[in-house]
Each structure stands twice: as C-alpha cells, then as structure tokens.
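One structure below.
All values below were derived from every heavy atom in this structure, side-chain atoms included, with hydrogens, water molecules and symmetry-related copies excluded.
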Amino acid sequence: GFYAYIETSSPVKFNDKAILTSPSFLPPESSGCSVTFWYHMYGATVGKLDLSQVTFWGTTSLWSKTAQQGNKWISATVPLAQHTSWVYKLQFAATRGSSYTGDIAIDDILLSSACGCVSCSNVYNFENGSLIPFVQSKTDNFDWTLRKGPTGSAATGPTADHTLGTALGTYIYLEASNPSPGDKAIISMPFAGRAQGPRCNLVFWYHMYGSSTGTLNVRSQKTGSTALSTIWSKSGNQGNKWLWAVVYLGNTTTLNTAFQISFEGVLSATSPSFAGDIALDDVWLT
C-alpha cells in the first residue's frame, strides 16, 4: 500500500519543511467535526509534524507532535475549529530534524460524519476543456477564454491554473492586449435554486496580476428581475498569485428565489495596456 512521507536525506537540510494541503472542504455542519489520521515518526533525529486548518481568514494550529514516537503507526483524532463558517483546507507540515534519520509519514486521513457533506460536486474548474455550463454575455465587448499555462503576455496573468497548479490545468481569463480601454467581458453561471440552509456562499479563486489590471466584479441577479447587484469587487494589481474569495449570498430568508451569478472583468480605462489579464478558477456555491 501507499503512504505519504518526507525523505530527510541530503540535500534536505535542518528545519526544511514540506507542506501537504487538502482540497477545499465545505464548513462543518455541526459540532464534533474531527479528522482522524495515522502517522509514523521513527528515527533518532525526527523533527516535527503539524496539522493546521486554513480558512479565508487565516491559519489555526490544531495539532503538533515532535521527536521520535517509535517504529509504529499511531492514530490521532483531532477536533476541527468550530468557529468557522467558511470553506477550509487541512494542512500537514513536516519539518526535518538535524539529520537523515528523521523520516515522517502519514496515511489514512478521514473526516468524521459530523463534518457533514464536505465536498461539492458542482465545482467548476474547467478541466473538461469547456466553458459549459457558463454562458458568455452577448451585451459585453469581448469574451472570457479557456487557457492552459501562462497567458500570451509577459508580466501579467497566471503561469498555471489553480486546480492542478501546473501548466496542464485549465482556467478562464480575459486577455487585455487587444480590446479597448474600459471594455467589459461578462460570463454567467447557471441559475441556482433558493438557499437551502443557514448560509449560502460563492467561493472562487481569482488572479489579478499586472501594472494595468482593471476591475473584477461579481454580480447577482434574481430570477424574473433585470436588476443586477454588485456583491463583490476588486481592482488593480493584486500580485502574481491565486487568491481566494468567499462571498456571502444570503440564507433561506433573504435568498428565497432562484438567482444567477455573473463575473464581469473590466479593462483599465485610466492606464490601459496588455499588462491587465484577469483569471478565474475553481468556482462553486456552498
């Protein structure tokens, strides 16, 4: 069988760290949500193994073990932080000790039933090479485009998608080179049903890198209405990295009818240039 481990032989050095991060999970549905896993920490110079919970607001340390624990697999059950109402990830970080006799391994990671439904089948990550079920607007100036690897311009856009983190992964983006200043590209998700629980969130990853980056707006429209509400907006260069956004949409009282979410990318009107690509990936509703 397989397990995950860190090899502490050269060229790995003292205090080097290896981090393994889970996919994103939906917020726990009730108290008592915990993660169980098995770990193996055997050797004279074993360093440290840490488990953390990562949310939009930061990182919470959940568990830590230091030094040799014997030549055996050991089970650990760790409660998750219950204060969060946000999507979260689990992160295992193994730190090398002073020499090669410090390998650390983990295996059989399981979330408890109290965590509820932890994943969402309707995560739109574009890995099927299609925009479906997203729909391009017919009232904008240009379109969002599927892309693998870096965009066509230097000093703007991502070099890889967010889902896989490699040039093999797919994302969507707007190319800032050819359209005119202030032009807009709008793409919409399918209509979603009314909120079925105490909270309904939109979660997505965005990339806004370049000296002439414009604006990314998220708009909401209820069925039967032509009115669009801006529920999230970000402007300007945000750095060469994928960033996580969680947008609260409403609950069973406030979100009592079907609705549609649209992403609107707007090119800079004040300092237009090719260095203004905007990208999206891993979009879903919780």
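- Among residue pairs with one or both ends in residues 3-18, those qualifying as salt bridge (Lys or Arg N to Asp or Glu O under 4.0 Å) are Lys13-Asp16; sequence neighbours excluded.
- Applying the side chain to side chain donor-acceptor pair (under 3.5 Å) criterion to Asp50, with sequence neighbours excluded, gives Ser64.
- A donor-acceptor pair under 3.5 Å is absent between the side-chain atoms of Asn217 and the main chain of Thr230, judged by distance alone.
- The aromatic rings of Tyr42 and His40 sit perpendicular to each other, their planes meeting at more than 60°, with 30° as the lower class boundary.
- Side-chain contact check for Ser229 and Ser220: no donor-acceptor pair (N or O, by modelled atom type) lies under 3.5 Å.
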Next item on the list: List the steps, then state whether ring pair (Phe, Tyr, Trp, His ring centres under 6.0 Å) holds for Trp144 with Phe126.
Entry: CA-CA 12 Å; Trp144 291 83; Phe126 312 106; 9.3 Å; no
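- In this structure, Trp244 and Trp205 have parallel ring planes: the angle between them is below the 30° cut-off, well short of the 60° mark.
- Outside the 6.0 Å centre-distance limit, the rings of Phe263 and Tyr206 are not counted as a close aromatic pair.
- When the shell of 6.0 Å around NZ of Lys184 is examined, it contains 12 or fewer heavy atoms from other residues, nucleotides or ligands.
- Note that CG of Asp282 and NE2 of His162 are 5.5 Å apart. Values are rounded to the nearest 0.5 Å.
- Using cut-offs of 30° and 60° on the angle between ring planes, the pair Tyr171 and Trp242 is perpendicular.
- Among residues two or more places apart in sequence or in another chain, the salt bridge (charged side-chain N to carboxylate O under 4.0 Å, His left out) test is passed with Glu175 by none.
- The CZ atom of Arg219 lies 4.0 Å from the CD atom of Glu264; values are rounded to the nearest 0.5 Å.
- Among the candidates Thr156, Ile278, Leu174, the single residue satisfying the side-chain contact (heavy atoms from CB on, under 4.5 Å) test with Thr151 is Thr156.
- A side-chain donor-acceptor contact under 3.5 Å links Gln69 to the backbone of Thr66.
- When only modelled atom types and interatomic distance are considered, Thr213 and Asn237 share no side-chain donor-acceptor pair under 3.5 Å.
- Considering Lys72, Gln68, Lys65 in turn, Lys65 is the only one that fulfils the side-chain contact (heavy atoms from CB on, under 4.5 Å) rule with Met41.
- Between the OG1 atom of Thr145 and the CD1 atom of Ile172 there is a distance of 9.0 Å, given to the nearest 0.5 Å.
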